[in-house]
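Residue numbers run from 1 in the order of the sequence given. A quick note: this is a predicted structure, and the numbers were derived from the prediction, not measured.
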Amino acid sequence: MRVGIVQFLGTNCDYDCKYACDCLGFESEFIWYSQADVEGFDVIILPGGFSYGDYLRSGALAKFSPVMKAVADFSKKGGKVIGICNGFQILIEVGLLKGALLKNKNLRFIHKDVYLKVEKSRCRFTKGLEGEVLRMPIAHGEGNYFCSDDYLKYLQDNEMIVLRYSNESGDVKDECNPNGSVYNIAGICNESGNVFGLMPHPERAVGDLGKDGEKIFERFL
């Protein structure tokens with residue numbers, strides 16, 4: 001298992017992701033954003049933090065990085081790609097996932113632990129976890145997932161909604177929604193299930209920091 005962790009200018013969760021890989025015994029390596037080749041990797045992580053040009057719109061310029069063309073080609077061949085927080089925003093901007101990530105409804109940066117219900121979906125990163133409730137931290141200012149009513153129905157009909165904000169018992173309620181995301185969505189996948197974007201940080205719930213994040217990383221295999 002060889003994991004590539006992409007670094008953009010401003011990425012700050014890259015070493016957290018490497019720590020998570022180390023905890024689970026995966027070989028991991030950083031990939032600079034100007035690199036145009038991701039051959040030889042089994043999984044690609046787009047970690048959280050920031051990317052150049054986020055003052056325009058999160059991920060709006062990062063999508064033009066040479067590495068993202070390589071990541072897109074990698075995903076089209078069936079390679080697993082996971083985008084966490086800013087990585088999720090970049091996946092949206094580059095078109096590997098659809099929708100938009102808006103400013104949080106309260107217009108404030110939010111950093112706290114949340115509960116997440118794992119939905120029945122085609123996502124390869126959550127197989128066998130359906131119905132479980134996971135606890136992980138969020139840390140973002142623009143995590144408010146939005147899509148049209150028609151596309152929400154498409155996500156539902158095709159089992160592409162992966163995680164929803166819930167309470168500890170797994171009940172999905174408005175008061176559990178930290179950022180105003182439509183349908184309490186915290187993570188979605190593509191039609192093939194090999195590209196997964198989420199706002200929570202599983203790499204911060206690994207090892208001494210928790211166990212629920214490990215359940216996501218274990219499915220890299």
Side-chain angles (χ1 to χ4, degrees), residues 6-14 16-17 33 45-65 68 82-119 133-156 160-168 170-189 196-205 209-210 212-213 216:
V6 178
Q7 294 175 307
F8 296 93
L9 297 172
T11 295
N12 60 30
C13 297
D14 41 356
D16 295 350
C17 289
Y33 73 98
I45 302 176
L46 304 181
F50 302 91
S51 54
Y52 181 73
D54 274 0
Y55 58 86
L56 174 64
R57 192 176 63 242
S58 297
L61 295 185
K63 73 176 182 180
F64 296 111
S65 301
M68 287 313 301
I82 180 170
I84 302 167
C85 198
N86 190 228
F88 185 13
Q89 294 162 340
I90 295 170
L91 288 176
I92 291 281
E93 288 295 328
V94 83
L96 291 180
L97 295 174
K98 296 181 181 177
L101 286 158
L102 310 178
K103 290 186 181 299
N104 296 337
K105 189 174 181 179
N106 64 6
L107 301 181
R108 296 180 178 177
F109 188 91
I110 303 172
H111 182 200
K112 66 177 185 178
D113 282 1
V114 297
Y115 291 102
L116 304 152
K117 181 180 180 182
V118 183
E119 298 289 305
V133 179
L134 307 179
R135 179 176 176 171
M136 298 179 198
I138 56 171
H140 58 250
E142 298 179 12
N144 180 358
Y145 180 77
F146 174 80
C147 65
S148 66
D149 290 342
D150 286 345
Y151 192 66
L152 177 59
K153 185 176 186 307
Y154 182 81
L155 290 173
Q156 294 169 316
M160 294 161 64
I161 298 172
V162 185
L163 299 173
R164 297 174 72 196
Y165 298 108
S166 74
N167 61 20
E168 189 173 2
D171 300 318
V172 178
K173 299 182 176 181
D174 288 345
E175 55 264 35
C176 306
N177 189 338
N179 51 31
S181 291
V182 64
Y183 200 56
N184 280 45
I185 287 175
I188 61 172
C189 67
F196 177 32
L198 71 166
M199 289 314 295
H201 287 265
E203 78 281 10
R204 298 182 186 176
L209 304 174
D212 285 356
I216 302 291

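Nearest heavy atom pair, residue Ala60 against residue Leu56, reads CB-CD2, 4.1 Å. Looking at every heavy atom in both residues, His201 comes nearest to Gly48 through CE1-CA, 4.3 Å. The two atoms that bring His140 and Cys85 nearest to each other are CB-SG, 3.9 Å, heavy atoms only. Closest heavy-atom contact between Ala205 and Met136: CB-CG, 4.3 Å. Minimum heavy-atom separation, Gly197 to Leu91: CA-CD1, 4.2 Å. Nearest heavy atoms, Leu97 versus Phe196: CD1-C, 4.2 Å.
Applying the salt bridge (Lys or Arg N to Asp or Glu O under 4.0 Å) rule to pairs touching residues 49-62 yields Arg57-Glu93, sequence neighbours excluded.
The local environment of CD in Glu175 is crowded, with over 12 non-hydrogen atoms from other residues, nucleotides or ligands closer than 6.0 Å.
The salt bridge (Lys or Arg N to Asp or Glu O under 4.0 Å) test applied to Asp14 returns no partner, not counting sequence neighbours. Taking Lys105 as the reference, nothing meets the salt bridge (Lys or Arg N to Asp or Glu O under 4.0 Å) condition, with sequence neighbours excluded. Applying the salt bridge (Lys or Arg N to Asp or Glu O under 4.0 Å) test to Arg204 and every residue at least two apart in sequence or in another chain returns Asp16. Residues passing the salt bridge (Lys or Arg N to Asp or Glu O under 4.0 Å) test with Lys153 are Asp157, sequence neighbours excluded.
Between Leu198 and Ile216 the shortest side-chain heavy-atom distance does not fall below 4.5 Å. By the 4.5 Å heavy-atom criterion applied to side chains, Ile84 and Pro47 are not counted as neighbours.
For the residue pair Ser148/Asp150, the side-chain donor-acceptor check at 3.5 Å is not satisfied.
Considering Leu102, Asn144, Leu152, Asn177 in turn, Leu152 is the only one that fulfils the side-chain contact (heavy atoms from CB on, under 4.5 Å) rule with Val182.
Ring geometry, Tyr151 versus Tyr154: the interplanar angle falls under 30°, so the pair is classed parallel (tilted spans 30 to 60°).
Between the side chain of Asn184 and the backbone N or O of Tyr165 there is at least one donor-acceptor pair closer than 3.5 Å. At least one donor-acceptor pair under 3.5 Å links the side chain of Asn104 to the backbone N or O of Gly143. At least one donor-acceptor pair closer than 3.5 Å links the side chain of Asn86 to the backbone N or O of Ser51. A donor-acceptor pair under 3.5 Å links the side-chain atoms of Asn167 to the main chain of Gly170, judged by distance alone.
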Dump the intermediate steps for side-chain contact (heavy atoms from CB on, under 4.5 Å) on Met199 and Leu101, then the final yes or no.
-> CA-CA 10 Å; Met199 289 314 295; Leu101 286 158; 4.2 Å; yes
Give the C-alpha distance, both sets of side-chain angles, the deciding distance and a yes or no for side-chain contact (heavy atoms from CB on, under 4.5 Å) between Tyr145 and Phe88.
-> CA-CA 10 Å; Tyr145 180 77; Phe88 185 13; 4.1 Å; yes
Test Asp212 against Val133 for side-chain contact (heavy atoms from CB on, under 4.5 Å), laying out the working first.
-> CA-CA 9 Å; Asp212 285 356; Val133 179; over 6 Å; no
Run the numbers on Leu155 and Tyr183 for side-chain contact (heavy atoms from CB on, under 4.5 Å), then give the verdict.
-> CA-CA 11 Å; Leu155 290 173; Tyr183 200 56; over 6 Å; no
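Rounded to the nearest 0.5 Å, atoms CD1 (Ile92) and CZ (Phe146) are 12.0 Å apart. In this structure, the separation between SG on Cys147 and CD1 on Ile161 is 7.5 Å, given to the nearest 0.5 Å. Interatomic distance, CE of Met68 versus CG of Leu96, reported as 5.5 Å (0.5 Å rounding). Separation of atoms SG (Cys189) and CD (Glu119) is listed at 11.5 Å; rounding is to 0.5 Å. Atom CG in Leu9 sits 8.0 Å away from atom OG in Ser65 (nearest 0.5 Å). Between atom CZ of residue Phe8 and atom CD1 of residue Ile90 there is a gap of 4.0 Å, rounded to the nearest 0.5 Å.
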Run the side-chain donor-acceptor check on residues 111-118: report pairs under 3.5 Å with partners two or more places apart or on a different chain.
residue: Asp113; atom: OD2; partner: Arg135; partner atom: NE; Å: 3.1
residue: Asp113; atom: OD2; partner: Arg135; partner atom: NH2; Å: 3.2

